[in-house]
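Please read the structure below before turning to the comments.
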2 protein chains.
Amino acid sequence: MSKTPKRPLTLRDVSEASGVSEMTVSRVLRGLGDVSEATRARVQEAASRLGYVPNRIAGALASNRVNLVAVVIPSLGNMVFPEVLSGISEGLEGSGLQPVVGFTDYLPEREEKALFEMLSWRPSGVIVAGLEHSEASRAMLARAGVPVVEIMDVDGEAIDAVVGISHVRAGREMADAILAAGYRRIGFLGTKMPLDYRARKRLEGFRARLAEAGVGIEDQEFYEGGSALLKGREMTQAILARSPDLDFLYYSNDMIGAGGLLWLLGKGVAIPDRVGLAGFNRIELLDGLPRRLATMDACRREIGLRAAAIVAARRADPSLPGAERVELTPTIEPGDTLRRRPGAAPDPRA
Amino acid sequence: MSKTPKRPLTLRDVSEASGVSEMTVSRVLRGLGDVSEATRARVQEAASRLGYVPNRIAGALASNRVNLVAVVIPSLGNMVFPEVLSGISEGLEGSGLQPVVGFTDYLPEREEKALFEMLSWRPSGVIVAGLEHSEASRAMLARAGVPVVEIMDVDGEAIDAVVGISHVRAGREMADAILAAGYRRIGFLGTKMPLDYRARKRLEGFRARLAEAGVGIEDQEFYEGGSALLKGREMTQAILARSPDLDFLYYSNDMIGAGGLLWLLGKGVAIPDRVGLAGFNRIELLDGLPRRLATMDACRREIGLRAAAIVAARRADPSLPGAERVELTPTIEPGDTLRRRPGAAPDPRA
DNA sequence: GTGAAAGCGCTAACAT
DNA sequence: ATGTTAGCGCTTTCAC
């Protein structure tokens with residue numbers, strides 16, 4: 001190497017190296033037209049020879065445009081958000097936009113902080129999980145002046161656009177399927193997190209629908225932290241020790257459901273006749289289990305795709321009306337753990 | 001609301017609203033000293049009443065400081081990087097730095113693009129997975145003028161700092177443990193990805209150590225895409241159908257290993273006597289399986305922690321020498337799928 | 001097709 | 001303890 005400048009290179013360096021004005025260099029590097037082929041070639045050559053990396057900070061300040069989309073999600077632990085993220089990445093492809101992720105750990109104050117941090121970079125859009133936010137968070141989002149897409153959930157009031165499923169309805173439909181299959185003594189197993197609103201809404205819809213049929217949740221079990229698969233085993237053992245008459249276990253997510261399934265299979269319990277099982281999320285892992293757990297697809301990837309598409313579309317055409325509302329419809333997959341009674345009411349979604 | 005300004009607020013707005021100069025407002029908002037309590041209070045009040053969100057773009061340009069750390073990793077699919085990420089987040093806590101993640105999908109050209117994008121925001125540091133990069137990527141990193149920490153792997157030449165484990169050694173030590181347990185007819189099951197250098201290095205070390213003992217890999221099976229758990233089942237079935245005499249299966253990751261374990265248990269195969277098994281990564285999922293798969297902890301969380309600590313330390317004190325090298329030592333966990341022969345050579349790491 | 005001037009919103013450095 | 005001035009590296013606008 002000839003020299004190792006500690007200072008990052010600027011447009012001016014490329015300008016001097018190529019003998020072309022800064023302005024024209026900028027045009028070439030941004031791929032704008034109206035530059036002669038000869039000039040373009042000289043500039044490109046100089047830029048790549050020097051290893052110039054543009055300073056987006058300066059560019060963004062001058063142009064008032066930032067190619068970043070803020071994505072604020074609870075965590076990466078539970079298999080659900082990685083898939084949403086990959087949907088977002090895919091949906092942003094070709095738009096020139098880039099996702100930047102922040103995490104909340106399901107804590108409102110962390111959400112607030114994450115939003116503040118991200119908004120301070122003036123992103124071109126915000127995609128945020130859930131409809132429940134602190135007052136301050138809502139205020140920030142409302143004033144951000146860019147598209148805001150709340151994802152995962154549609155049960156509530158949106159700030160701007162929303163893309164998701166109804167978790168209340170998801171719970172209700174699973175209750176329908178379970179009742180239709182003839183189960184009546186139902187246990188629920190879930191997470192302790194009081195701030196996981198979507199899990200709560202599913203339970204709420206589930207419980208309400210059961211109640212309409214005169215059925216109650218006979219026993220429940222909650223966990224927190226640790227390996228979900230292991231917790232699923234432990235909770236299943238515990239709930240059945242306490243309430244051996246249960247004939248169905250509804251798990252708030254597939255991972256604990258899978259744990260329960262493995263434990264029951266190990267015990268030689270007849271599934272789905274003696275006990276039926278269902279989870280939620282349709283995680284890929286289920287494909288590798290000895291039996292297929294009944295579940296419900298949460299449309300995670302498509303949620304990401306659609307949310308990204310909204311941000312990209314509005315950036316391309318800021319005159320769009322906004323406040324888009326996309327409600328996706330999850331479908332029940334009965335798998336092998338939900339009894340199919342010949343005489344039972346048919347699944348309305350066939 | 002009184003008014004809804006489409007234009008984001010600036011320091012000047014807060015200055016006017018509070019009757020304090022922009023400079024002093026800036027001081028208050030950045031928490032610098034030498035401001036009277038009265039002024040501070042007035043400024044804080046005005047800022048939060050207006051809902052001011054600072055413009056980091058302008059701040060970064062003026063101060064030449066950016067509180068972002070670029071993190072470039074292959075993907076989020078395989079359980080390994082979420083944990084690294086959470087280690088990074090934790091390690092960055094209190095430093096004022098924020099991780100920003102980019103994905104490569106194990107493709108060098110995507111890595112190059114991700115690095116270029118991130119470096120154009122002039123982050124305070126770069127944490128990148130692996131030691132293998134394109135020429136252009138290496139050049140960018142070398143010229144970035146900020147700490148660069150290559151993580152996960154130490155087998156190769158680092159650009160600056162490196163934090164990881166030796167995958168060659170990990171493969172070799174697993175081979176040692178398997179040989180010591182008395183297995184001799186060994187099969188390997190892994191991923192097809194030719195660009196997963198770490199998996200390749202493990203296999204390389206594994207094969208080399210076996211060869212030293214005069215043992216070969218008798219059969220192998222590779223997969224790509226799909227549910228790893230399911231692929232593990234399928235590959236296990238396939239390899240044993242073809243080579244029924246194998247007495248050990250070494251999986252390149254725990255997820256396929258778990259699939260194999262479940263399949264073998266379902267078939268009633270005696271584990272670890274008839275067939276022994278081992279994976280790699282020590283994923284949490286293993287805790288919930290009927291038997292504990294033998295595995296090796298990849299120290300993912302600690303790698304993230306240490307890498308973050310290096311970036312934070314060097315930012316706090318730029319005079320630090322750099323080129324830190326941290327080699328972590330993974331430990332074998334024999335679980336229930338690696339036979340323990342009383343007379344066998346003892347584990348040197350006991 | 002190319003260039004010169006102004007300024008994006010902040011902060012460093014220097015007053016006072 | 002507070003204010004003033006200059007300028008970060010680019011893009012916008014307008015001139016040629």
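Throughout, protein chains are lettered first and strands after them, A, B, ... in sequence-line order, and every chain is numbered starting at 1. Since the model is a prediction, treat every value here as computed from it, not as a measurement.
Taking 4.0 angstrom as the limit, A:T39 places a side-chain polar atom (N or O) nearer than this to OP1 or OP2 of C:dT2. At C:dA4, none of the side-chain N or O atoms of A:S21 fall inside 4.0 Å of OP1 or OP2 (strictly under the cut-off). Contact check, B:T24 against D:dG3: a side-chain N or O comes under 4.0 Å of OP1 or OP2.
Distance CG (A:N67) to C1' (D:dC10): 15 Å, rounded to an integer number of Å. Rounded to an integer number of Å, the gap from B:E37 CD to D:dT2 P is 10 Å.
A:V154 approaches A:V326 most closely through the heavy-atom pair CG1-O, 3.9 Å. For the residue pair B:V148 and B:D160, the shortest heavy atom distance occurs at N-OD2, 3.0 Å.
Ion pair B:K113/A:E93 not flagged as a salt bridge, since none of the NZ, NE, NH1 or NH2 atoms sits closer than 4.0 Å to an Asp/Glu carboxylate oxygen. Comment: B:E22 engages B:R12 in a salt bridge, judged by a side-chain N to carboxylate O separation of less than 4.0 angstrom.
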Seminar exercise, completed: For nucleotides 7-16 of chain C, 5' to 3', base contacts (B), sugar-phosphate-only contacts (S) and non-contacts (-) with protein non-hydrogen atoms under 4.0 Å give BBBBBB----
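Sequence neighbours left out, the pairs with a member in residues 125-137 of chain A that pass side-chain hydrogen bond (donor to acceptor under 3.5 Å, both in side chains) are A:E111-A:H133, A:E112-A:S134, A:E132-A:K201, A:H133-A:E150, A:S134-A:S137.
Qualifying side chain to side chain donor-acceptor pair (under 3.5 Å) partners for A:D13, counting only residues two or more places apart in sequence or in other chains: A:R7, A:T10.
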